[in-house]
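Contents: one structure, followed by commentary.
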There are 2 protein chains.
Amino acid sequence: MSSAIHQLSASEAARAIRAGRLTSETLVAACLERIAARDGELAAWAHVAADASLAQARALDRQPARGPLHGVPVGIKDIFDTADMPTEYNSAIYRGHRPRADAAAVTLLRQAGCVVLGKTVTAEFANLHPPATRNPRNPAHTPGGSSSGSAAAVADRMVPLALGTQTAGSVIRPAAFCGVIGLKPSFGSINRTGVKPVSDTLDTIGLFSNTLEDAALALSLLSGRPVPDFASQIAAPRIGVARTSRWNDADAATHAALESAARRLASAGADVKDAALPPAAEALFDAQGLIMNFEAARALAWEQSNHREAISATLLKRLDEGWAVSREQYDNARQTARDARRQFADLMRGYDLLLTPSARGEAPLGLASTGDSLFNRVWTLLGVPSVSLPSGSGPNGLPLGIQLVSAIEQDTALLAHAQWAASALARAGRRHSPAQLPGTVPAGSVST
Amino acid sequence: MSSAIHQLSASEAARAIRAGRLTSETLVAACLERIAARDGELAAWAHVAADASLAQARALDRQPARGPLHGVPVGIKDIFDTADMPTEYNSAIYRGHRPRADAAAVTLLRQAGCVVLGKTVTAEFANLHPPATRNPRNPAHTPGGSSSGSAAAVADRMVPLALGTQTAGSVIRPAAFCGVIGLKPSFGSINRTGVKPVSDTLDTIGLFSNTLEDAALALSLLSGRPVPDFASQIAAPRIGVARTSRWNDADAATHAALESAARRLASAGADVKDAALPPAAEALFDAQGLIMNFEAARALAWEQSNHREAISATLLKRLDEGWAVSREQYDNARQTARDARRQFADLMRGYDLLLTPSARGEAPLGLASTGDSLFNRVWTLLGVPSVSLPSGSGPNGLPLGIQLVSAIEQDTALLAHAQWAASALARAGRRHSPAQLPGTVPAGSVST
């Protein structure tokens with residue numbers, strides 16, 4: 001088992017630890033070894049707490065299990081406060097910054113017996129200025145952002161689970177680009193205390209993992225939502241294919257991956273129909289950016305007022321756009337969002353899931369941009385839960401993602417239906433086109 | 001003028017500074033003198049930055065006016081981060097805590113030329129454990145909470161303007177108890193970055209002042225909302241008297257003050273009718289506490305996990321109640337709030353204002369409790385703007401407040417209508433019962 005320890009999913013590792021077949025210390029050591037071997041190239045980590053993590057793991061090995069992920073290491077995006085590690089937001093303004101307290105989400109993970117392995121690289125203030133992190137599937141490409149390090153670390157199997165945040169598309173997009181599972185829960189699912197704000201209306205804590213089971217366990221631990229019973233059979237879902245008005249902004253490979261998934265899900269028994277977004281929801285493609293920039297300008301007021309020279313030109317431009325938005329425009333955008341949430345709730349009486357692209361295409365070449373959040377903005381502002389599943393690959397052989405979306409607060413049902421979909425796609429993939437599904441692994445199918 | 005300088009409203013003082021009749025340094029010195037004379041008894045301040053404030057005032061006196069409140073000192077509730085002053089949340093856990101950055105609201109005030117005079121006393125973590133602050137109208141009574149120091153400092157004319165926050169009733173209630181104006185803007189009006197969270201769904205930054213003009217100017221500066229034109233005549237508002245299902249929880253003096261205000265506003269030309277809250281809004285009396293406690297338990301997870309012994313028994317009990325709420329109960333309460341917001345928006349098509357009590361009665365005797373937030377919870381969870389105006393007094397001669405409420409985002413219209421109401425009540429008071437209106441002063445009516 002030793003050579004593959006760092007590849008275990010969080011749930012597999014926790015089961016092995018509970019059964020006495022693995023120690024947390026061995027697992028953490030394997031992850032640290034993987035990081036030592038690979039992070040020079042990938043730059044996924046802003047800080048690795050090697051000694052402290054091993055010490056915590058040894059302490060946990062002497063205790064009864066505190067939760068379903070006892071002994072499992074996690075990566076934390078470097079916009080979450082940690083009292084025992086630097087918290088720098090990838091900004092020179094905060095070099096060496098050490099907050100007084102841990103973020104609420106970090107505390108909950110620690111209380112449940114997780115080991116905080118370190119802080120993963122974020123784009124500057126979780127915004128759009130790209131970091132140095134590379135895509136593990138092909139280091140010449142961006143891993144996406146702003147949760148770049150969390151996506152890359154989980155994709156490279158440096159750690160089985162990582163926290164990120166999404167304000168536009170910072171969980172779903174990097175998950176798709178790196179070929180892992182990204183979960184953006186319903187707005188307000190996970191407490192944000194101690195997370196550096198970008199936009200109060202939008203900031204949502206999310207998760208990166210290699211299995212849906214891991215995402216479900218971590219979400220349950222952090223939000224109190226129930227874990228779906230992945231072992232039980234559920235009815236085939238009613239799926240709406242949401243191409244949206246921006247369909248032509250996705251590339252041909254993304255079109256093909258989505259249409260193929262829709263066909264295969266229908267073959268597996270799902271009731272698949274086209275779903276048009278209601279008018280107010282369509283308006284959120286624009287409203288999201290306006291709200292985000294208005295709020296980000298104010299959230300970073302102190303930094304602009306006191307350290308303007310240390311902020312990237314990319315970010316300053318966006319903050320200036322935020323100051324140029326009038327209060328009336330902002331209030332109107334928020335009213336549109338309220339209308340859209342109501343219309344979307346009505347739409348979702350007819351569907352269990354919407355199927356829509358996770359991104360415009362595969363990860364762009366180079367590190368100059370983390371890619372485009374276009375296909376994520378609407379769902380973030382609606383506040384509805386969504387998950388990205390790896391599905392197919394693009395012209396450069398990099399992973400593509402399909403995004404599944406449910407109604408607000410239906411996170412547990414979303415995960416159950418996503419598991420149904422992942423299993424159906426994996427079966428179809430085995431029958432017809434195995435190369436189409438490099439990363440879609442049914443929960444629990446990888447044996448320890 | 002010298003003896004009354006500390007009594008000037010923020011707008012009066014700013015006008016005098018702009019006209020060269022007053023310096024910021026003289027004003028700040030007068031406020032510091034008032035604090036030195038009175039705060040030994042009242043304990044409104046957690047930290048007074050005397051030397052730094054005077055230095056900032058002198059610097060501002062050498063500059064052209066940066067904004068409409070240039071040179072005006074403000075008090076900041078001690079749950080807002082300040083990089084140059086301690087930020088302690090009235091908790092021993094944070095003794096001497098010095099954050100890296102200023103809160104966004106503090107930065108905006110400083111950019112506009114305000115002087116941060118110091119930090120005002122908060123209840124522990126802006127929750128319910130009472131602080132040592134006393135009511136300036138009668139030091140044997142509580143000033144209310146959790147923004148206790150801000151209300152007391154403004155009421156005692158130690159400072160003309162102060163920031164607070166409201167999660168249940170922490171702005172409107174202490175404003176009423178202390179006989180000042182309290183403004184709780186629409187949810188999301190003022191950016192919360194750098195404010196210690198209690199409840200993401202509820203926490204709202206608010207203002208204390210002695211005139212509506214001051215509240216309007218400060219809100220405009222902090223939110224970008226327009227200032228109403230107080231000089232122009234507006235049509236008499238349509239007013240709904242919202243006694244609510246909890247009317248019998250208010251005392252006889254509060255009943256009398258509200259009924260008297262309703263009669264006088266009708267006499268002045270307002271269209272006054274009874275307004276029943278829609279059913280989902282009535283349900284928010286209970287839903288608010290459930291949401292607040294669920295979120296507060298998580299927001300203070302690090303403190304409970306690492307410093308449980310330093311948290312008051314009062315707060316621990318409430319946090320334990322929060323942990324006992326299930327995710328399903330919490331989600332249901334949030335769904336009720338969404339329904340209530342929709343129903344309330346429909347109701348408010350028929351009214352410009354609702355008139356409702358600010359509190360159950362006058363400030364309770366003693367410091368063992370900061371009073372009851374009952375008559376504030378619904379409006380906070382609805383996210384709608386409300387203002388408390390001093391109106392009448394109770395059996396102990398302490399001030400009573402009436403609360404005016406508008407539809408979401410109608411903050412500017414609320415302030416304009418509140419000014420109409422305050423003027424109408426002041427005229428009626430002069431004609432019939434001057435003793436009924438000790439604190440209601442029309443903006444600009446106090447000459448410098």
Side-chain angles (χ1 to χ4, degrees), chain A residues 81 83 87 93-94 97-108 110-111 186-194 196-198 200-201 220 222-226 294-295 297-307 323 325-328 330-332 334-335 338 341-342 345 408-409 411-412, chain B residues 81 83 87 93-94 97-108 110-111 186-194 196-198 200-201 220 222-226 294-295 297-307 323 325-328 330-332 334-335 338 341-342 345 408-409 411-412:
Chain A
D81 283 354
T87 302
I93 301 169
Y94 288 90
H97 174 51
R98 187 71 64 96
R100 176 70 75 100
D102 285 344
V106 171
T107 303
L108 293 177
R110 286 181 157 157
Q111 282 182 331
S186 292
F187 181 78
S189 292
I190 303 176
N191 193 284
R192 302 184 295 182
T193 302
K196 180 78 172 161
V198 178
D200 229 11
T201 303
S220 174
L222 289 164
S223 71
R225 296 192 187 283
F294 181 97
E295 295 185 2
R298 284 147 188 87
L300 294 170
W302 180 83
E303 289 80 0
Q304 292 162 83
S305 193
N306 294 274
H307 298 280
W323 290 113
V325 173
S326 73
R327 181 82 210 186
E328 190 183 2
Y330 170 74
D331 283 350
N332 289 342
R334 295 213 305 175
Q335 183 57 50
R338 283 192 287 269
R341 287 175 196 136
R342 190 155 58 236
I408 187 98
E409 316 290 16
D411 300 57
T412 300
Chain B
D81 284 353
T87 301
I93 301 168
Y94 288 90
H97 175 50
R98 187 70 64 97
R100 176 70 75 101
D102 285 343
V106 171
T107 303
L108 293 177
R110 286 183 156 154
Q111 283 181 332
S186 292
F187 181 78
S189 291
I190 303 176
N191 193 284
R192 302 184 295 183
T193 302
K196 180 76 172 164
V198 179
D200 229 11
T201 301
S220 174
L222 288 164
S223 70
R225 295 193 189 282
F294 181 97
E295 296 184 3
R298 284 146 188 88
L300 295 171
W302 181 81
E303 289 80 0
Q304 291 162 83
S305 192
N306 293 274
H307 298 279
W323 290 114
V325 173
S326 74
R327 180 83 210 184
E328 190 182 4
Y330 170 74
D331 284 350
N332 289 342
R334 296 213 306 175
Q335 183 58 50
R338 283 192 287 270
R341 287 175 196 135
R342 190 156 58 237
I408 188 99
E409 315 292 14
D411 300 57
T412 300

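Note that this is a predicted model, so its numbers are computed, not measured. No hydrogens, no waters, no symmetry mates; every other heavy atom, side chains included, goes into these values. Throughout, a chain's letter reflects where its sequence line sits, starting with A, and its residues are numbered from 1.
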> Yes or no on side chain to side chain contact (heavy atoms under 4.5 Å, CB included) for A:Y330 and B:E409, after CA distance, side-chain angles and deciding distance?
Replying inline: CA-CA 11 Å; A:Y330 170 74; B:E409 315 292 14; over 6 Å; no

>> I'd like to know whether B:L300 forms a side chain to side chain contact (heavy atoms under 4.5 Å, CB included) with B:K196, so could you lay out the CA-CA distance, the side-chain angles of the two residues, the decisive distance to 0.1 Å, and finally the verdict.
In response: CA-CA 10 Å; B:L300 295 171; B:K196 180 76 172 164; 3.9 Å; yes

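Most heavy-atom pairs under 4.5 Å with chain A: of the set B:S223, B:A105, B:A104, this distinction falls to B:S223. Heavy-atom pairs under 4.5 Å with chain B peak, among A:R341, A:R100, A:H97, at A:R100. Annotation: maximal heavy-atom pairing with chain B below 4.5 Å, among A:A103, A:P99, A:S186, A:P197, occurs at A:P197.
Residue contact with chain B, scored on non-hydrogen atoms closer than 4.5 Å, involves the side chain of A:I408 exclusively. Only the side chain of A:R334 comes within contact range of chain B, with heavy atoms under 4.5 Å apart. In this structure, chain B has a heavy atom under 4.5 Å from the side chain of A:D200, while its backbone stays farther away. Contact of A:Y94 with chain B is made through backbone and side chain together, with heavy-atom distances under 4.5 Å. With a 4.5 Å cut-off on non-hydrogen atoms, A:S189 touches chain B through its backbone and its side chain both.
With sequence neighbours excluded, the residues that form a side-chain hydrogen bond (donor to acceptor under 3.5 Å, both in side chains) with B:R338 are B:Q335. Looking at residues two or more places apart in sequence or on another chain, you find no side-chain hydrogen bond (donor to acceptor under 3.5 Å, both in side chains) involving B:T107.
A heavy-atom distance below 4.5 Å is not found between the side chains of B:I190 and B:R225.
Side chain of A:R192 to backbone of A:G188: no donor-acceptor contact under 3.5 angstrom is found.
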